Undergrad: 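The following block contains the structure, expressed as structure tokens.
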Amino acid sequence: MTTTPAPYDSVEILGMIGTADASEIRPASGPVVDPDYTARFAKAHEDGGFDRVLIGYGSSWSEGTQVAAFAAAHTERLGLLVAHRPGVVHPTLASRTFTTLDHFSKGRVALNIVTGGNDTEQRREGDYLPHDERYARTDEYLQVLRQSWDTTGPRDFEGSYYRFEGFDPQVHPYEDRHLELFFGGSSPAAYTVGAKRADTYMLWGEPLAETGEQIATVAREAAAAGRTTPPRISVSFRPILGRTDEEAWQRAHGILDTINGAVGTAFKEKVGRIHPQGKGPQNAGSQRLLAVAEKGDVHDRCLWTPTTTAVGGGGNSTALVGSPETVAAAILDYVEIGVNTVLIRGYDPLQDAIDYGRDLLPLVRQELAHRAGTARAS
């Protein structure tokens, strides 16, 4: 496998915020929407030097554009990556929703397109299309968004899923900038659509070899779609830090014990990650993570998979375990194979974000700057 490092001076570090202090190891308490906590969470990421924060999507979660608007009002420069599920609202409304938000935040908005890989979750919002057809609809949806953002004047559209006449949006992205689309999915249908439409393709944290294979697949599908350059690549992890590697591993096993206990079980029940006996997750990304976990607990420098097994393969669940120096080196290993964007979030969400900003991000930034300087000099 031939790999090419990402441009060192263009690597982004993302975090993730929510509206309540809860995770796989922290039982939810208090209101579902806690404004004070949300503001502190967003500000911790800005103060810590994160480039953007992801605001996730779930059928029962707080509505993401409202969260993004609130976070924008309590920060000055932090980018806002808003997860969005095609098919829930019409694309003509979505296009204006996000450009309006982009103006109020002065150009800080991007979208993370989450087509959906679980039939049960989709049906909670009235979506009964089968998996591959959802991706076909997403392809059409993103075509509408891109045209409404990048072109002017009234337009008609007649596709398989959407039809309208005379749509003439008056609000375009802030200062005519390119409003970015992030995209996730690991099925063949996802690769086809995401490689065609996305600015950044988002992957969950697999070992280096498997990640390299996915990068190659995205590049190949992008070329087949006629793109001269493939999407940027993002990979997501759950770093578990300690002052030393030994301390980090002790903490990691404590986290795993909690996930496997009553607190973790309650979390899995709430988010639907306890699967019927003999059945695993529907989505390809979770299936891939579980397959990696079956191969071993530790991969490469410090990628740890038992947390994935403990939550049934759900979501961003593989950990990087070690001292800040060890985890920074592991992140840079992914940059060396072509990863441009790294999303990190913790099991103790707010405190971990603070710790990452203080202890981890400066090491990553310093080494990226060093490698960029070396590359320019060579």
Side-chain angles (χ1 to χ4, degrees), residues 1-4 6 12 14 54 56-57 81 83-87 91 110-119 121-122 127 129-146 159-161 180-237 280-293 295 308 313-318 334-335 337-343:
M1 178 183 65
T2 302
T3 60
T4 302
E12 290 189 329
L14 276 58
L54 172 65
Y57 190 99
L81 178 58
H84 179 67
R85 180 177 290 170
L111 266 67
N112 173 29
I113 300 300
V114 185
T115 299
N118 181 290
D119 291 343
E121 167 69 6
Q122 297 299 125
D127 184 6
L129 286 184
H131 177 276
D132 285 5
E133 195 169 355
R134 289 198 294 267
Y135 278 97
R137 179 182 61 193
T138 293
D139 186 30
E140 194 168 290
Y141 194 97
L142 297 185
Q143 179 184 352
V144 173
L145 290 186
R146 195 79 271 160
S160 300
Y161 303 96
E180 295 174 74
L181 291 171
F182 287 60
F183 187 100
S186 295
S187 66
Y191 290 137
T192 298
V193 177
K196 178 181 179 182
R197 300 289 184 188
D199 296 291
T200 299
Y201 203 105
M202 303 189 78
L203 306 171
W204 285 333
E206 298 184 16
L208 292 164
E210 285 84 347
T211 301
E213 291 168 0
Q214 289 210 78
I215 293 172
T217 298
V218 172
R220 184 169 59 250
E221 291 291 336
R227 295 182 62 165
T228 56
T229 57
R232 291 164 55 90
I233 298 294
S234 171
V235 178
S236 301
F237 303 104
Q282 278 188 301
N283 62 304
S286 292
Q287 292 169 8
R288 289 181 63 97
L289 291 186
L290 289 174
V292 165
K295 296 177 182 178
T308 288
N316 161 213
S317 55
T318 50
Y334 284 86
V335 173
I337 66 166
V339 170
N340 313 89
T341 302
V342 180
L343 189 153

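Because the structure is a prediction, the values reported are computed rather than measured. Atom set for the values below is all heavy atoms of this structure, side chains included, hydrogens, waters and symmetry mates excluded.
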Undergrad: For Asp139, enumerate each residue passing the salt bridge (Lys or Arg N to Asp or Glu O under 4.0 Å) test, keeping only those at least two apart in sequence or located in another chain.
TA: Lys196, Arg197
Undergrad: Just how far is it from atom OG of Ser286 to atom CH2 of Trp204, taken to the nearest 0.5 Å?
TA: 4.0 Å
Undergrad: Which residues satisfy the ring pair (Phe, Tyr, Trp, His ring centres under 6.0 Å) test with Tyr135, sequence neighbours excluded?
TA: His131
Undergrad: Please list, chain by chain and in numerical order, all residues satisfying salt bridge (Lys or Arg N to Asp or Glu O under 4.0 Å) with Arg146, sequence neighbours excluded.
TA: Asp150, Asp199
Undergrad: For the backbone of Leu129 and the side chain of Gln122, can you confirm whether one donor and one acceptor N or O come within less than 3.5 Å of each other?
TA: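 It does not hold such a pair.
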Undergrad: Which heavy atom in Tyr141 sits nearest to a heavy atom in Gly87, and how many Å separate them?
TA: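 Closest approach of Tyr141 to Gly87, heavy atoms only: CE1-N, 3.8 Å.
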Undergrad: Looking at residues at least two apart in the chain, or sitting in another chain, which of them share a salt bridge (Lys or Arg N to Asp or Glu O under 4.0 Å) with Arg134?
TA: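 For Arg134, the residues satisfying salt bridge (Lys or Arg N to Asp or Glu O under 4.0 Å) (neighbours in sequence not counted) are Asp119.
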Undergrad: Please name the pair of heavy atoms, one in Asn340 and one in Ala6, separated by the smallest distance, quoted to 0.1 Å.
TA: ND2-CB, 3.5 Å
Undergrad: Ion pair present between Glu206 and Arg288, side-chain N to carboxylate O less than 4.0 angstrom?
TA: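 Looking at Arg288 together with Glu206, the answer is yes, because their closest N to O distance falls below 4.0 Å.
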Undergrad: At what distance, to the nearest 0.5 angstrom, does CD of Gln214 lie from OH of Tyr191?
TA: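 Spacing of CD (Gln214) from OH (Tyr191) equals 3.5 Å.
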Undergrad: Listed by chain and number, what are the salt bridge (Lys or Arg N to Asp or Glu O under 4.0 Å) partners of Glu121, not counting sequence neighbours?
TA: Arg85, Arg124
Undergrad: Partners of Ser234 by side chain to side chain contact (heavy atoms under 4.5 Å, CB included), sequence neighbours excluded?
TA: Thr200, Met202, Thr341
Undergrad: Measure across Glu221 and Ala195 and return the closest heavy-atom pair with its distance rounded to 0.1 Å.
TA: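 Nearest pair, atom of Glu221 first, then Ala195: CB-CB, 3.5 Å.
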Undergrad: Can you list the residues that meet the side chain to side chain contact (heavy atoms under 4.5 Å, CB included) rule with Ala83, with sequence neighbours excluded?
TA: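 By the side chain to side chain contact (heavy atoms under 4.5 Å, CB included) rule, Ala83 matches Leu54, Tyr57, Asn112, Val114.
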Undergrad: Should Leu111 and Leu181 count as side-chain neighbours, where that means a heavy-atom distance under 4.5 Å?
TA: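 Yes, close enough: below the 4.5 Å cut-off.
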Undergrad: In Å and rounded to the nearest 0.5 Å, what is the CZ to CG distance from Phe182 to Leu81?
TA: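 CG of Leu81 is found 5.0 Å from CZ of Phe182.
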Undergrad: Residues two or more places apart in sequence or in another chain: which of them pass side chain to side chain donor-acceptor pair (under 3.5 Å) with Glu133?
TA: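 Listed in chain order: Tyr161.
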Undergrad: Is there a side-chain contact between Asp127 and Arg137 in this structure, where contact means two heavy atoms from C-beta onward sitting under 4.5 Å apart?
TA: yes
Undergrad: Which residues satisfy the side chain to side chain donor-acceptor pair (under 3.5 Å) test with Arg227, sequence neighbours excluded?
TA: none
Undergrad: Can you see which heavy atom on Ala222 is nearest to which on Pro230, and at what distance?
TA: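 So the minimum-distance heavy-atom pair works out to CB-CA, 3.9 Å.
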Undergrad: Residues in side chain to side chain contact (heavy atoms under 4.5 Å, CB included) with Thr318, at least two apart?
TA: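 Thr318: side chain to side chain contact (heavy atoms under 4.5 Å, CB included) contacts with Phe237, Leu289, Leu303, Thr305, Thr308.
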Undergrad: Can you name the side chain to side chain contact (heavy atoms under 4.5 Å, CB included) partners of Ala284, sequence neighbours left out?
TA: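 Only Ser186, Ser187 meet the side chain to side chain contact (heavy atoms under 4.5 Å, CB included) criterion with Ala284.
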Undergrad: Hey, are the side chains of Ile215 and Tyr201 touching, using non-hydrogen atoms and a 4.5 Å cut-off?
TA: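 The answer is no; the side chains never approach within 4.5 Å.
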Undergrad: For a quick test of reading the model, state the closest non-hydrogen atom pair linking Val218 to Pro231 and the distance between them.
TA: CG1-CD, 3.8 Å
